[in-house]
Each structure stands twice: as structure tokens, then as C-alpha cells.
Amino acid sequence: MTQPENTTDSKSSEKEAIGVFVCHCGTNIGGVVSCEKVAEAASKIPGVVVSKDLKYACSDLGQEEIRKAIKEKGVNRVVVASCSPRLHEFTFKKCVEGAGLNPYFMHMVNLREQCSWVHMKQPEMATAKAIDLVRMGVERSRLLTPLSPREVTVEKSALVIGGGIAGIQAALDIGEKGFKTYLVEKEPSIGGHMAQLDKTFPTGDCAICILAPKMVEVARNPNVEIMSYSEVVDIEGYVGSFKVKIRKKPRYVVEDKCVGCGVCAEKCPVKVPNDFDCGFGTRRAIYVPFPQAVPLKYTIDKENCLYFKTGKCQLCVKVCVNEAIDFKQEEQIVDLTVGTIIVATGFDAYVPLRRGVYKYWEYKNVITALELERLINAAGPTGGHLVRPSDGVEPKRIAFIQCVGSRNIKLQHKYCSRVCCMYSIKNSQIIMEHSPDAEIAIYYNDIRAFGKGFEELYHRVREDYGVEFIRGRPAKLTKDPLTENITIRAEETLLGKITEREYDMVVLAVGLTPAAGTGPIQKMLSLPVSDDGFLQESHPKLRPVETAIEGVFICGCAQSPKDIPDSVAQAKAAASGATTLMIKGKHIVEPLCATVTPELCLGCGLCTDVCPYKAIDLLDKDGQTKAVVTEALCHGCGTCAAACPQHAIAQLQFTDQQIASEISAALGMNNGAKDSAGGA
Amino acid sequence: MSAAGMEFEPKIVAFCCNWCSYAGADLAGVSRFQYPPNVRIIRVMCSGRVDSSFVIEAFKKGADGVIVAGCHINDCHYINGNMKAATRAEFLKTFLEEIGIEPERFRLEWIAGSEGEKFASTVRKMTEELKVLGPLGGEEPWSTR
Amino acid sequence: MGEVEKVFISGLSEKLTEDKIITEKDLDSEFATEIIRYGGKDVMTCLQCGNCTGVCPISLKIEYKTRTTIKYCQFGMKQHTLNTRWVCATCYRCYEHCPADLNPAEVMIALRHIAIREGIIPPFVKAAAANLMQFGLTVKPDEAMIKERVKMGLPDLPQTKPGWSQVRKEVVAIIEATKYDRLLGITSKEGVE
Amino acid sequence: MTYAYFFGCVIPSRYPGIEYAVRWVTGKQGLNLDVVDIPEFSCCPVPGIFYSTDRDTWLALAARNLCLAQRGKMEVMTVCNGCYGSLLKATEYLSEPKRMGQVNKVLSKVGMKYTGIAEKGEGTRRIFRPVSVRHFVDVIHTDGVMMELAKGIKKPLSGLKVAVHYGCHYLRPTEHTAIDDANDPVKVDDIVKVLGAESVDYEDKLACCGAGGGVRSHVVELANALCEDKFKNISSENADVIVTPCPFCLLQFDNSQKTFTKRGIPVVHVAQLMAIAMGADVGKLGLELHNVSCNPLLAKIGMVPK
């Protein structure tokens, strides 16, 4: 990493010889602004040795002119007045570099997007403004310093947080490409929500049947290390080398010894509701959440285990031939260093309000869609035979209520959860297949069947199964005290009438909300969050899995609600993003970094408070406390420079002096560089 | 600059963050949204970079209005730089009032990269307001620091 | 209910039966803007989920539907809409339950503003306003009750005290200042002695 | 803090018993709160009429009342949901400087100016706090007062089944009337329980009585129909009495019950119920003035009606 030469006094030793190049950009600029006038005005500014107007500065001819000026006229500062730097800065940097000048001695002035194109009706004033802008550029160019971009090495290992379908896919892809991958999952088994689902829309293939092979595959991959029943407790560092702390929760079962025979569970006397089955079925105190669990290692839940409660029992110990049970097991902290991180922390299903209109907590026969998934799942507590909670009888008249916890501004859930329409349609299909005499109604606002094969399924359930679609948001649910049937009152908006219909069971199509588990991770990495509460990508269209934190990628429902195909696709994208970094092994960082002038620093620590990336620390240097910037952490926002009362921190390419010089020049004071040193 | 007879043309300095507002200004250009040429844009990486002293400096040097423009809250490329800009703006507003500069002369705006029209209209609005307010008068009494 | 139906729906249904097709001439393109001006700011935002109708106590009783009324407003069917002007009990349940956090009740209130300005003024509004200008209160003091008050040993009704004429003058002054009296076509004359 | 009684239009001239009850409950022999009269208060004005037809007039008239409270640096204590909703909403409107300006232009005609109550801020600054508008129930429900109330119970109403009707402007719209949970209000129920009575839960408890928004004045059949629904739900829990914090809801129940039932359920204002339990002279609570006889109620709590 190269330090910039003398950042503090920004005037570099040799006398500056400035070259100004005003681009016509065909008629884009020239058609409004008189480029000749601008060039002429520029030539009068002290220090300007070359001032030309060019038809197309970015063309080879134009670039040649610039190189010539550098080689022949000894120009050592280049001001290109053309289009937006966001477009051609790179081009011209390369150009001057080609002529042997440090690329950071080139400054661009934006005459097209921010002058000629927006003042087409006022050519004179536009020209006047252009002259001002060029002057600003010239004054700034005096204070430019030679810099060189920074390079960091990228550790060839990745951390994937979250063992749902997205995490599994990402880990698989990275592992396949031969990089060490740590897949961290807080539950005893990987699989996530997809493992709970019955069938998948629109094709109707069984979720676990397609998921289980992947789970096995990822377990078998030599490069992937699954850390189940574990949580990430701390992340420090930056792209290329993140220092990660992971807490392995005690299973009280030695993983290497347990073969998953399950004898312990058979003998275990404690029965508790199985949260994997949404509390419908039961499991033992020593358990695997579901038969296909990966890793197939049993876990004792301390809360319910008799031994932990009473100190007696130990039946599991007696029956376990491999002596895998170890009540003394303690949690352990594992330290890792990884080059890249993929966050795939998924979602939580929305939990209906306690005193809500839909009476989820008051009426037994009002259930959520996730609960339904378990109730119709062949591997579920009822063996796939749908019964209603109140009396275990098979419901014949079933209503789905859409958009529960989605598209609701009152609940701050403005967004559409993107899966509810289809899973309700899919579930109604499954129910109809099981009991053709069932009557199903779906209360919806809009049906969003946008994906491949979705509309076809929507059409099929209407045509083949006669599922009724009622457009209207139910206003009131009432329960018959005897039968516990639910009556829904709603305006059927297409009918224009208020109807009351009785159903045996009501299913709330609950939306997807950001997972509780995402919060801590988001804070550790200080990832930006979009206003729906999900993690925010760098660019909604062009950088969909990257984040503002370099080296950190997101995928699956952690980024926004989405279905399985989308999650998988995104996981693959994130994986390729991560591997690209690791294959290169090196990562280039623009030199925007903040630099401290120790002589001026008082060690007040204001900068450390404002820095969003914890990049500044206060260190003792021979008895005095001074702020020190960790270059690799610094993203170059410059907030610290703005906060520093001493102006002791300078942000490369945006020093106080450089900005001050622009200010004065903008307001028609050519001597900006001289009088405003120190930036006010 | 408001010589007798000719209409007063206010000078506005706009600090635009590289990721949202500067891009917004560019978009205004690309979509040819016209606005008065009274504004001079200074590019910074983040609205959080804008030191209060820059704004004061601008007024000292004769700006009639100053705009600080950044990404919308939660959209900041640097997580929360714009929040800091907001905090500084609060203080700045009161300070400017204390030293006798109408707070209308200073604006903090959230302009996304997709909001070209908003950038244009912001400049339009401010230019009109400033024309009404007139030039920032008097020898700067606060400059003795 | 028959009575109510006649009063409130006939206008609407008859018109609809006259010409089943609604054409430009039935529509008032400015209607929504007008409603927004009078405080029904959410009128155009409604997505017609029908929740408001379901929770509306009035909609359960008569052929009035919160959602459809909003739709008419969006559409600009001014004449139809004004027929349902006074049935909203402003109980704000629609607002309480609206998933889009819109306020239909305020739209209904805006409709009343418009109705009044269209000269459709229900008698009780006139009466109440007149009472207010005459007695400073919308309810006219009632002799029997005044006796009761004496029995209970309550202080005299303020409006029976001498100082009250001042209060009434102030109320009248305010109403005249906002031209409300002219809007309703009532005068303070009968009030002031 | 000093409160100013705001009885509005209905109570003084239709249900003076409520006024007596309120004065008694808040007075020396009762909870001894610091409440005064402002005889210059006019109508709030009625939201169903003025807010519905001309906001400017409504706001100006409401502001006039608020100015009176502002002059005495008092909090307004309303005993009626309508007054409460109207005045509270007015304070919200008036927090917009522009509105305040317009209104003050009107008020200047009567030599008034609404600013809110001036308080000393940090340093030399003065901050203006909007005149605070409290509902009688809200005032009573504050901890200290509740405890006093509990101590002051002379005749616990044990065994009395009370159906509480809150009324719309007490509950909604939420952002204005944030004194209670709009979907699960408790304050009146709490008071009822403190009085020793049982508050029965009934279907559509939060539904409208049907009087508001000019419906009763304009389409009385509709108002009655709505009230009948309420009545059915309440009587199915066989409650002995309907208790409401709003005289207009009371008026609605009191007048429309006869249109659909012979055996009406007595309806009283929460203040009246408090007064009974706290041992006020039942004869002075104006119960005999209610259309639906309150004798069954009095009999139930073992007070032989006069």
C-alpha cells in the first residue's frame, strides 16, 4: 500500500502547469456553450499553459492532444471539461497515465450533464457558468496530489450465514469451485423454512424431496464445513480478511460419536410440542427436528430434559451404544478468518396481531399458512391428513385470507410478500386433490401470478378444482360457539355486496418479515437496510447481491421476500460474486481514504464517533493520543474530515483545501487556492 | 452582481453527494430537465463530508444560497452519512439565523439518483425564492472569528 | 329501512337505470381535486379492497358502500355521490381498519362540504347553525330542564346570565367573518335583540 | 393543574344530572380536583355539523373556546366525546402555523389570539404548548385519582353487570385520541371495575351507537337501526346498565330504545355511575329524567328509587 506524497500541504513542490481541454461533444456542449470562449477565458487563468477546445475529447484524436500537451508542453495538471466524470473519468485517467502523468493529476469538469443540457435556452449564461465551472476545476487542479490505488489480498475462504435453501446453494457453489466454506446455521439442522413446506409451486414437487439431496450434497462436499446449532457472535475486519467469532451451542451429544440411530429418542420419556411442526406434533427432549436432518445428530434441549431439570433419568445415556451423550458439554467459541461473507439469514413468517381482526389467537380454527403446510405435509404430525385444530375433524369448507401482514401500511409492512398468492393457490390445489368434495374460497385483493407457470396453475385451480376467488378484504370473523366454525364477513367488491359465509377453517396467508436473526448480523457488518426492513443491495438492478460493504453479499429472503427459484438464483449470483473476489485474490480500492495529520490531531475522538465503519481508532503515540485510520476499513466518505474541529483529517481527493478552492472559484474569486487554505 | 437595471441573479452553491444527488443532477441533464444556470455544483463523496464551515465559507465568499444534497435516509452509500449531514444542518440553520442569514438561504435536500426532476425543481424553487429575498447583504459581520 | 332507501338511493339508482352507460357528460373530472381541496386527501389512493365497507356500520344497513362511494369519487360521478352525503356517522372505523392507512371518513366529510356549496343543505344543519347564532349553543335551553337544574342546585345556565349576549356576539362575529351564515343562507338577525 | 369544565350543549340543557354528577365527583365531597367554570364557553362546535360542513368556521369557533382556556392557563376537561374529539382535533389543526394564522385573523374580530400556552424554555426562549384537551375519563384514570376513587367508594356496585359503550370520538381516529388503545380500550372498564361492578364483554363493543355525524338528526330510522344492533348484542349478555362517557351516545340509547323494545336497558353516564357508588344523593342525579327508567338499575344495587 502506497502512502500519498505530502497530503498535508497539498501544493506539491514543482510549479504547476495546467492544461485545459474543453470538449464540444459534437453539438451536445458546443451547441449551447461557446467552447471557444470558455477555452479562451481559461487561457487567461494564471498557471494555465495550454487551453484548447476539442470536438471529441474522448476520441483518440482528443486523447492524443492531451498526451501531446503533457509530453511537449510539460503540462502536469490536466482539466478536462466535458461530460460527467461518472462516464469518462476512467478514460481520461488512463489517457494521462499513458503520457506518464499520475492519473490523479487529472480533474474533470462536467459541462454536458450539468450545464449545456440543462440550460439549452440560455446560451450566454450557460457559457458564463461553463467558464466558472472550468475556473473551479483549474483552481482545484492546483491542489491535486499524486496518488495510487490501494490493493488488498483476499483470503481464499468464505462464510455463509444461514443454512436455508439460499445458504445451502451458495455454500455448494463456492465449495464446488474449491474454496473453503463455512456454513453456519443456528438450528440443529440445515434446511430452513423450505424443509417445513409440503409441496412447491407451481410444479407441485415435494419440497423436502428436492431439498434433502442438496442437503446431503453440501454435507458431503469436502470444502464445506457445516456448523449447525451455531451462531455468529462477532465479525470484524474488511474485504479480504474478516475476523469471525462463532458460538457452537452445546448439543450434549458428541457429534462424532452420534450415528443418528434414534434409539435415545425412542426411550426418552419427555414429550414436548415440536416447533418444527409449528407446535402441532410432539417430539422428545432429545431429538432431530425432522428425519432428513443434516447433520443427522441428535440434540438435547436443556429446558425440557428431565436430567437437567431433576438430575435423574439419563435413559438416553443407558441406551446409547456409542456413548455419544455428554451432559457436561459446554459451548465453544470458534475463530475464523474469511475473505468474503454471504448473508442468507432468510425470513420469519408474520405473526398475526394478538387483538387483530382475524382472531388468530382467539379462534382455534384460524391458522397460518405455515401451520397448514405442516398439517398437509405427509411427514407432518397428521401424516398429511388435513384436520382442523378444534376437533380433529377434516374441514370441508376452507377460506384463505390473503395479504395478512403484507401490503399493510398500518403494520409498516408496505411491501408485497410475493409468495402468498401462489402458496395459497398451491395449497388449495393440494387440499382439493386430497378431498375433492372440499369447498375452498380465497379472499384476495390482487392475485399476483407473475412467475413461470404461475398463471397456468392459477388457471388450473379455477378450472379443474373450482376454487372460488373472492375479491375483498374480510372485515370481521365470528365464531359459532358450538361448532367453532368461522363466519367471515366481507364486501365482495366484484359483487358489490356484503356477504357472510361460514367456513370450517380459515387459513391466514401470512407474509414474510425480516428474520429476527438478521438484526445482529446486520449490526456486526453495519449493512444498510431498506425501509421495508430487509437488507439492501448496492443497486436494485445492476448490483442485486452486492452490498455497500465490499466483500459482503446477500441472497434469498434476507434481501427481500422471494420464492425458491429466485432464492437459488440469487444464491448462485452471490456465490459467483464472492468467488470472483477470491479467484483474483487481490482487490483494488480507490484512494479516497482519510489521512490524519498527527501534528494537528488533539485525540478528541470525534472522528471515531462519526465513522460508520469503525475505521478510526485512538492510539497512544509517544504519550499523546492520536487518531489513526485503518486504510483498508476506510470507505472514503469523509464524514470524519467534516467532523474534525482541527481540520486534522484530510480525505484524499476531497481535502478541505481542494473543496474550499472550488467554493471561492465558484463565487468568482480566482485566488481561491491562496486565501482559503485550511478550508475556513 | 445585481447592477442597477439588470435583474438580480443569485449565486447558489450546491454540494452533491457522488452516489445519489450528483447522479440525480446528471440525470436531470440526460433527461434535459431545464433549470436556471445560477447553481454551481461541487461534488463530494457523501453529504456527510460537507463541513459546516464549507457552507459558512460559501456565504462569506458571497453565495446567496447553499444547497446540501444527499441520498434519502436509509439509502446512504455510507450507511448513515446523510444522517450526520442532517444533524449538522439542524445546528447550521439555527447558527445562520443567529448571525442574521435567513434560514431559507440554506437547504438540505434528499435527491436520489433517479430524481432528476427533483433536482431541477429544487434549483428552480430556490432561485425564485432567492430572487425574492434579494442578495445576501452587508459586510459579513460574523467573519471576525 | 324503506324510507331511507327512498331518500338516499333512489337518486342514484334511477339515474343509473336511465342510462346504463356512463359517458363523459356524467363525469366531473375536477371532482377528485375538489374533494382533496376539502380534506379528503386520500380519495385517489384507494385500492378498493373493500375492508372499509365491511367494517362500516351504515353499509350493513342501507345501500351505501364506503368503497363504492370512494370509487364514484375517483371516477368523478359527482351527482351520484352527493346522494349518499349525510349517512356517514364519522365513526372512523374505515380509517381504523384501512390496510393502506387511508381515511375514507374524511372523504365523506369533504363530500358534505361540497354538497353544502352545491346548495344541498339539510334542514338540521341550518337549524343547528341558527341555534348557535341565536343561543351560542346548538341546543336550545329548555324550560323544564332549567327548573330541574334549580332543584339540583346547579348554577344557572350560562346562556341565561346577562354576560352571555357578549359571548353570542362573538360567536356571531366569527360566523360572519367566515361567511358561514351566507353559505347556509341564515341570518343572525333573529338572534340579536 | 387547573381544569376547566367543558360540558358542551347536550349535558346542561338535556341531562343536567350528568353535570351534577361530574361536579359532585370532582368536587370537595368527591375527588376534590381543581376544576373551575368558564361561563364564556360556547358550543365546541359539533363536529357532525360544523367540522362536516365548513372546517374554517369549525376551527375558528373551537379556537375561541381554546383561547378562553389559554387565557387562564388551564386544561380543558370535556365530559362529552363530541366536544373532546372536536376540541382535540382543533388543537392539532392549530399546531400548523399557517392554519393558526388564518384562524387568528378571524379571531382578531373578537379580540382574541390563539398561541398555545406560553412556557419558559431553555435560556430566554419561550415555547408555546398547545392548550391540552382532556377527557373526563382520562383525567379520572390517572393513577393518583384512581386510587382516591378506590378509597372513596361508599356503595360498591357488586353484582352489577355493566355494558360499557365507549363511543367513536373517544376511540377514533387513533392519531387524535391517543388516550386509550383504539382496538382494546380499557379506561372506562377499569373505572367500572373500581366501582365494584362487572364489565361484560359483548359483540361489537367498539361499534358506533349510530347517532354521530348527523345521522340521528337526519335519518333517525337509520340511527335507531344501528342502535338496535348494539342493543341486541348488549342484552344477549343480559347487562343491567349501559355506561358511556358520552352524553350524545347516552341520548341515542335513551331515545331510540323505545322504538324497538319495551324493556329497555337503563343507560347512564360514567360520571353518574361513579356518583352513585361514591354515595352522592341519587335523587339529584337526574336519573328520573332519562326516558329509559333507571329504577331497575337502582333496584339491582339495592337502592329503593324515590
Side-chain angles (χ1 to χ4, degrees), chain A residues 83-87 110 112-122 125-126 128-130 132-133 136 140 526-531 536 538-539 548-549 592 610 612-613 635-644 647 651 653-654 656 659-660 662-669 672 676 679-680, chain B residues 1 9 11-13 15-19 22-23 25-58 60-63 72-81 83-85 88 113 116 119-120 123 145:
Chain A
C83 51
S84 169
R86 300 169 57 85
L87 195 68
N110 188 339
R112 194 178 71 180
E113 281 81 354
Q114 297 182 2
C115 190
S116 65
W117 274 352
V118 286
H119 312 311
M120 299 174 123
K121 308 250 164 7
Q122 303 128 291
M125 291 191 74
K129 175 178 176 180
D132 274 4
L133 292 175
M136 288 161 72
R140 192 182 203 287
S526 54
L527 290 170
V529 177
S530 38
D531 46 9
Q536 190 173 36
S538 288
H539 187 285
I549 313 300
L592 286 163
V610 295
Y613 303 96
H635 289 56
C637 61
T639 310
C640 50
C644 180
H647 301 287
Q651 182 198 3
Q653 303 187 51
F654 293 91
D656 288 352
I659 293 172
E662 282 194 83
I663 298 174
S664 356
L667 299 162
M669 306 194 181
S676 71
Chain B
M1 56 175 297
E9 288 296 344
K11 279 210 165 217
I12 304 172
V13 175
F15 297 93
C16 290
C17 89
N18 177 59
W19 303 99
Y22 195 88
D26 278 357
L27 183 66
V30 175
S31 3
R32 309 296 198 277
F33 295 134
Q34 301 298 300
Y35 56 84
N38 301 58
V39 65
R40 305 284 180 268
I41 295 172
I42 297 177
R43 174 166 161 238
V44 290
M45 289 313 280
C46 176
S47 51
R49 170 67 182 101
V50 181
D51 190 327
S52 309
S53 62
F54 294 167
V55 178
I56 295 157
E57 184 73 2
K60 247 182 88 182
K61 292 263 159 62
H72 286 269
I73 297 297
N74 294 333
D75 292 356
C76 180
H77 183 79
Y78 299 106
I79 299 166
N80 55 12
M83 306 264 198
K84 286 157 194 140
R88 295 198 187 108
F119 182 86
V123 176
R145 283 175 293 160

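By convention in this document, chain letters (A, B, ...) are assigned in the order of the sequence lines, proteins followed by strands, and residues within each chain are numbered from 1.
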Looking only at heavy atoms, what is the nearest atom pair of [X] and [Y], with distance?
X: B/G48; Y: A/A642; result: O-CB, 3.3 Å
X: B/Y78; Y: A/G636; result: OH-O, 3.8 Å
X: B/C46; Y: A/C637; result: CB-O, 3.7 Å

Does any backbone or side-chain atom of [X] lie under 4.5 Å from a heavy atom of chain B? Answer side chain, backbone, both or neither.
X: A/Q122; result: side chain
X: A/L527; result: neither
X: A/I549; result: side chain
X: A/Q114; result: both

Nearest 0.5 Å, what's the [atom1]-[atom2] distance between [X] and [Y]?
X: B/Q34; Y: A/K121; atom1: CD; atom2: NZ; answer: 4.5 Å
X: B/L27; Y: A/E113; atom1: CG; atom2: CD; answer: 10.0 Å
X: B/R49; Y: A/F654; atom1: CZ; atom2: CZ; answer: 9.0 Å
X: A/I659; Y: B/F15; atom1: CD1; atom2: CZ; answer: 7.0 Å
X: B/I42; Y: A/I663; atom1: CD1; atom2: CD1; answer: 5.0 Å

[X] versus [Y]: any side-chain heavy-atom pair under 4.5 Å?
X: A/H647; Y: B/D51; result: yes
X: A/M125; Y: B/E9; result: yes
X: A/K129; Y: B/N38; result: no
X: A/W117; Y: B/F33; result: no
X: B/K61; Y: A/S664; result: yes
X: A/L667; Y: B/V13; result: yes

Is the backbone N or O of [Y] less than 3.5 Å from a side-chain atom of [X], with the two atoms forming a donor-acceptor pair by type?
X: B/K11; Y: A/A666; value: yes
X: B/K84; Y: A/V610; value: yes
X: B/R40; Y: A/M136; value: no

Which atoms of [X] approach chain A - backbone, side chain, both or neither, heavy atom under 4.5 Å:
X: B/V50; result: backbone
X: B/A120; result: neither
X: B/R43; result: both
X: B/V39; result: both

Against chain B, work out which of [options] has the most heavy-atom pairs shorter than 4.5 Å and name it.
options: A/R140, A/Q653, A/Q536; answer: A/Q536
options: A/L87, A/L133, A/V118; answer: A/V118
options: A/R86, A/E662, A/H635; answer: A/R86

Salt-bridge present (A/R112, B/D26; N to O < 4.0 Å)
no
Under the ring-ring contact (aromatic ring centres under 6.0 Å, His included) test, which residues partner B/Y35, sequence neighbours left out?
A/H119, B/F119
